[in-house]
Each structure stands twice: as C-alpha cells, then as structure tokens.
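Accompanying notes for the structure given below.
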Amino acid sequence: MGRFWRRRSDEELLGLTGRDRTAFGVFYERHEPALLGFFGRATRSAEVAADLTAETFAAALASREQFDPERGTARMWLFGIARNVLAGSVRRGRVDDEARRRLALEPLVIDDAQLVAIGDLIEREGEQMVAELLGGLPEDQAAAVRAHVLEDRSYLEIARELRCSEAVVRKRVSRGLSRLRRRVSEETT
Amino acid sequence: MTYLPDLKRQLVDAVPAAPGSRRGSRWRGRGRALRGVRLVVVLALVLALLTAVALAASGVIEIGSPVKTPSYAPSLSTPDRGMGAVVPGSVRLLVAGIPDPAGGPPWGMRAFKTTRGLECVQVCRVVDGRLGLLGQDGIAGDDGRFHPLPLRVLDQWDCAPGDARGHAFIAITQHDAYASGPSGSRRCSMPGEHDPHKTTRCPAADQRLLVYGLLGPAARQLTYRGADRRDRAIAPSRPDGAYLIVLPDRARLGGIGVGTLPGGPPVRSYRYDNGLVCRASGPRCGPVGYVAPRPPHVTPAEVRAPITVHVSHGQRDGVAITGVELTFAAPVAITNAATSYVATAQLPAACGGTMFSSGSTANLRRGARVRIRLGVPVGARCHGRVSGRVELQTPTGKPSAGLILPPTLTRSSSLTVGTFSVPIG
C-alpha cells in the first residue's frame, strides 16, 4: 500500500472508489480484521464470520453512494451494515448473499490455513475487547466479574480470596455486568 | 495483509460493476477515458479467445464422428417410458476448464433433465463447448480426433431422481477412466479386465480418477487431496453444487463408486451455506438443501388391487425358464422414474429359495393395466410354489447413505398392492 493511500481517510477512500478501484481495496484491508472479529464474536465460527464479512463488504460497495459523512464516520456506517447483515442472517437462519449475488461475486473459498488464521484473529480480538470492557469498570467490579464469569469460580471461593462476604461479591458481579450491558448497548445502537 | 485475499480481489474487480460507479461528476471525463482503455483490452481478449476457438475447431484438434451409442444405452426419446426423454432446453455445461494432468483439452461436466424427473450428468473432455472423447487409449482407433459425445451415452448411475425442487444429489468416483474420457468400449484392456480379444493394455499413465457429482443448491465448498498430497478447496457451481476433480489414478484398480454424497478419498470434506462441514470419511452428514418429495396421498387400503397370475414354461439359451406374469389395474398413477410397481418372488426352498424381482418402467394412469413379468430359471427337479408380492414403491424421507444405484436414490416407502402364490414344476 502506497503512502498516498495510507494517508487517505476512510471517507476519502469511499469517495475515491468510483475513480480508482484501489481505494476500496485499501478500505477493505483497513476494516477486514475488525469485521471478522465482530462476526467471530457473534457467531463463534470462523467460516460464518468470513461469509458475513464478505456480504457486508459487498453491501458496502454496492451502496457506497448512500454513505453520508455528515451522519457519522465511514467505520460507523460499515458496522451499521454489518449489524443489519448479521440480524438479517439470524432472522433467515442462513448467511445473506444478496449483495454478493448482485455484484456477481463467486462463492468464497477458504482453506484450512485461512480458517486457523481467522480463528486466531477472533480470539485476539475477543481478548482485546474483554480487556477494554473490563478496563472501563471499577477495579473491584472488574475483579469480581473476571473471576466469576471468565474463570467460572463460585461466589464463595471468590469471597474467601477477597476476604469479604459472598453477598458483596454477588453485588459487585451484578453491578459490573449491568454497567457492561449499558456500555455495549450504547456502542451498538 | 488480508485474511481473505480472494474476497478483496473480487470486491476490487467488482468496483466498475457496482451501482454508483458512474456517479461523481468530478471524475466522469476521466472515467470515460479509462472505460475506453478497458474496452480495447476487452476487445483484444475477445479476439484472442475467438482465435483460440477457431484453432481448436479447425486446426489443433480435428473433429471426428460422434461416439457410437452402445446397445444398452437408454433411448431418451420416449417421454413416459424408461428414463424418459431429454427435457428441451435443460442441457447445460455445469463445469468446464478442468485441466487434465497431461494437458490437452480441458474436462467438463454437463447435465440435463428428463421428462420422468431424472437429472443426468456426463463428464468428458471439452472442445468448443462440446463434450467428447479423444481418440486415444483404445478409443476410435487412436485417431487423435475429438469425438462428440451424444447425450444417450451414459450409464444408469449417471442419473438420479430430483428432490421436491428438482435438485439431484449424485456422487461418483470413477477409477476406470482414461485421459481419452470415460468409456466402457475401448480396444485396450483395463485393470481387472480379461477380454481375450483385447491384446494390448491401456496405458497406465493415462488412467484417470474422476470424482464428480451434484452436492445440491446449498453446497459452498469442497476440499480434496490433490495429486501432490496437498489439500485444495473448490467452490461447487451453483445452483446444482456441481464439482469435477480429475487426477492421475495411481491406484490403478478400476471400478466405480456411486452414492448420493462424497464418501471418501480424495474428497476430504464439503461445506454448506449454513456453515455445516461434513467430513467425507466421517459419519453420515447432509445433504443440506434436500427437500423430500411428497409421497402420493393414499392409504394402504386404497393401494390394494386383485392380482392375476399366469405361469408359462419355456427355454432361453438352453436354460428352463418359468415365466410368472402378474397383471393388475394400477391403483395409483405413476408419473416419474422414482415411483414404480415392483414385484418380488421367491423360489421354493427346494429350489434354493432365490429371490427375483422386476418392476414397471413407464408412466401409468390410475386404473391402467399393469403387466410385470418375472422370468424364473428353474431346473427339472424344482417343484413347489413361487410366492411373492407386488408393492408400490415411492421415494420419501432422506436420501439413502452409502453406495446405491439410482433411481432408487431415496429411501423408498412401500405399500403392498397384493400377494400371490402359484405352483411351478
């Protein structure tokens, strides 16, 4: 990727796509890992994540003229499409392929090595997301949520370690999860 | 670095075709100029392609006479009998451009539908969009020409009944093919073949392993182990899920495996749109997208009909034959090759207790007179009663697993029309 393209914003890349197809390739490379991670977390499947990513980018390419910079960033617009693709696929019980068919794209062929790489990416993205989310909680709540939800330890066990009552641990986990729910909800609407 | 470079390439290639690419006034003039350049490139490619086609048709490969139709081939001309007639406009090339390990014209697969609800596939070499055999490996006197393949040159296992939506599921692994193309009529002997009239053996280096079939409309990807022992992934063509793999056949055993789904090497796995991955050597899995045909709405009582039995005696090729002819009025109409009346008879225990069966092979209206003839070879000392039953067999449920021969592709449901028992000898 040349320096010219690296310096272009997402919004500029979308605007330049009609003039030079390289622009959309750069836009694709910039957001592919995040979309794969997003779908991987939602579906727990590298293959389905790859399919959903393909459909999202195809839909973005087909509707790029509808992108309006005044309504938000290109990344927000792309993830809006991603959420619609995911919701539509869940509703129909299969991965949408309408946009790919409109663009006459061939079915995606993924080999085992690619699946492993995507699986690793999803895991990394997942760990990073967890770290970011827990980082936004007060320390005592983050510790309680990590111990109970991620490490699957009992309230009693955590209470003994933290030298507090079991009721306190329950309250910290409950408050921590409520706060996380609010944050995730705000980010995805 | 991208995780899905093929997707990126396809998206970038699709940019000119994407809605909106003609918009954007600032770049319109330049866009036209670029399109002009692209048009010149496209025209050059078309010219090059036409030149290649002309060379293939007239110079490089000479076209010979069509392949002779063997005596056992289906007629494909009677719409309501046997395999039926070819449905006009249904012949299509599903897969093309599969290279042969030794080069030459590529391989391809075509399919067509018949009026009795069958889907048939043929695999051969492709020249100028036509399927045919090459004059080598004991074909056409090894004349080196390309011999177009008529639709009738096919075996029973190349056809299978479609499901409720007309999609067929076929998986064939053929070991007795050669670089010329698959054929049961070659002048050289194949592995395991002991024909005294064939004095030369077919060249072992030309033996090919053909793996092909129809995985259905929901098939997304098939992975197989190539000749270099590396796994490769291919995308079956839509909407049939058609795939074709051509490899040098190192096993050189001959034989053919027929089923509804790939059942082992070289196929490793296949994947569907819904993410389901099936291991070819694993437990039964799929087919996704199969819609079971609706069986006729009849009760067992409605299928019952009186059967008239007539016994005759004769000889065929010096062997005593007892003919058991069954006639009855069809209680249910027959409209396709997957549904039929089947008669099964069992010889007396003193004669070995062998089972024989035969069935109707044509469409029938309800009430039409059905005649099924069972030829039972019996010796002079065979006495007793032949007993049996007539059943209406209709496809239902899931396709059968394992190696089976179409048109009994799907598990059949049987309703008894009647039973019989007659003395012989």
Side-chain angles (χ1 to χ4, degrees), chain A residues 1 14-29 32-33 35-36 43 45-51 53-55 57-58 60-67 89 93-97 99-115 117-118 120-122, chain B residues 1-35 38 215 217-226 230-239 241 243 268-269 271-277 288-289:
Chain A
M1 196 193 303
L14 286 179
L16 287 167
T17 293
R19 172 190 171 197
D20 191 327
R21 57 175 69 178
T22 309
F24 197 78
V26 177
F27 182 77
Y28 173 88
E29 279 196 25
E32 184 204 48
L35 268 190
L36 282 170
T43 65
S45 162
E47 286 179 296
V48 178
D51 265 357
T53 300
E55 181 63 11
F57 274 114
L61 177 58
S63 63
R64 69 184 187 283
E65 290 296 322
Q66 292 166 19
F67 166 65
S89 300
R94 64 175 175 77
V95 177
D96 281 348
D97 64 350
R100 283 174 285 175
R101 276 192 280 118
R102 267 165 54 200
L103 297 183
L105 300 192
E106 293 289 319
L108 204 56
V109 174
I110 312 164
D111 60 31
D112 289 350
Q114 282 174 298
L115 284 177
I118 294 170
D120 289 347
L121 167 77
I122 292 169
Chain B
M1 183 260 182
T2 62
Y3 289 87
L4 302 166
D6 184 50
L7 172 62
K8 180 191 168 190
R9 180 189 56 74
Q10 284 198 57
L11 286 165
V12 169
D13 287 348
V15 167
S21 59
R22 286 187 297 278
R23 296 186 192 174
S25 57
R26 279 198 304 159
W27 313 107
R28 194 167 289 165
R30 190 163 176 186
R32 270 195 200 128
L34 286 171
R35 278 197 298 279
R38 278 198 294 273
L215 266 174
R220 172 60 58 93
Q221 181 175 311
L222 181 144
T223 305
Y224 70 97
R225 179 146 291 181
R230 294 176 63 183
D231 286 352
R232 293 168 202 283
I234 54 174
S237 78
R238 289 177 185 259
Y243 63 93
R268 308 270 291 167
S269 64
R271 184 166 68 92
Y272 292 104
D273 286 340
N274 64 0
L276 177 68
V277 178
V288 175

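The figures here come from the full heavy-atom set of this structure, side chains too, leaving out hydrogens, waters and symmetry mates. Numbers restart at 1 for each chain; the letters A, B, ... are given by sequence-line order, proteins then strands. Predicted model, so just to flag it, every value in this text is computed and none were measured.
Scored by the side-chain contact (heavy atoms from CB on, under 4.5 Å) test, Ala117(A) finds Tyr3(B) as partners (sequence neighbours excluded). Contacts of Asp273(B) classified as side-chain contact (heavy atoms from CB on, under 4.5 Å), with partners at least two apart in sequence or in another chain: Ala218(B), Arg220(B), Arg238(B).
Atom CD of residue Glu29(A) and atom NZ of residue Lys8(B) lie 3.5 Å apart, to the nearest 0.5 angstrom. We find the CD-CG distance between Gln221(B) and Asp51(A) to be 9.5 Å, quoted to the nearest 0.5 Å. Rounded to the nearest 0.5 Å, atoms CG (Leu7(B)) and CD (Gln114(A)) are 10.0 Å apart.
The heavy-atom pair separating Gly275(B) from Val48(A) by the smallest distance is CA-CG2, 4.3 Å. Closest heavy-atom contact between Ile118(A) and Leu4(B): CD1-CD2, 3.8 Å. Across Gly25(A) and Val12(B), no two heavy atoms sit closer than the pair CA-CG2, 3.6 Å.
Of the two parts of Arg271(B), only the side chain, counted from C-beta on, holds a non-hydrogen atom closer than 4.5 Å to a non-hydrogen atom of chain A. Contact annotation for Ile234(B): only backbone heavy atoms (N, CA, C, O) come within less than 4.5 Å of a heavy atom of chain A. In this structure, chain B has a heavy atom under 4.5 Å from the side chain of Tyr28(A), while its backbone stays farther away. Contacts between Thr223(B) and chain A at a heavy-atom distance below 4.5 Å are absent for every atom of the residue.
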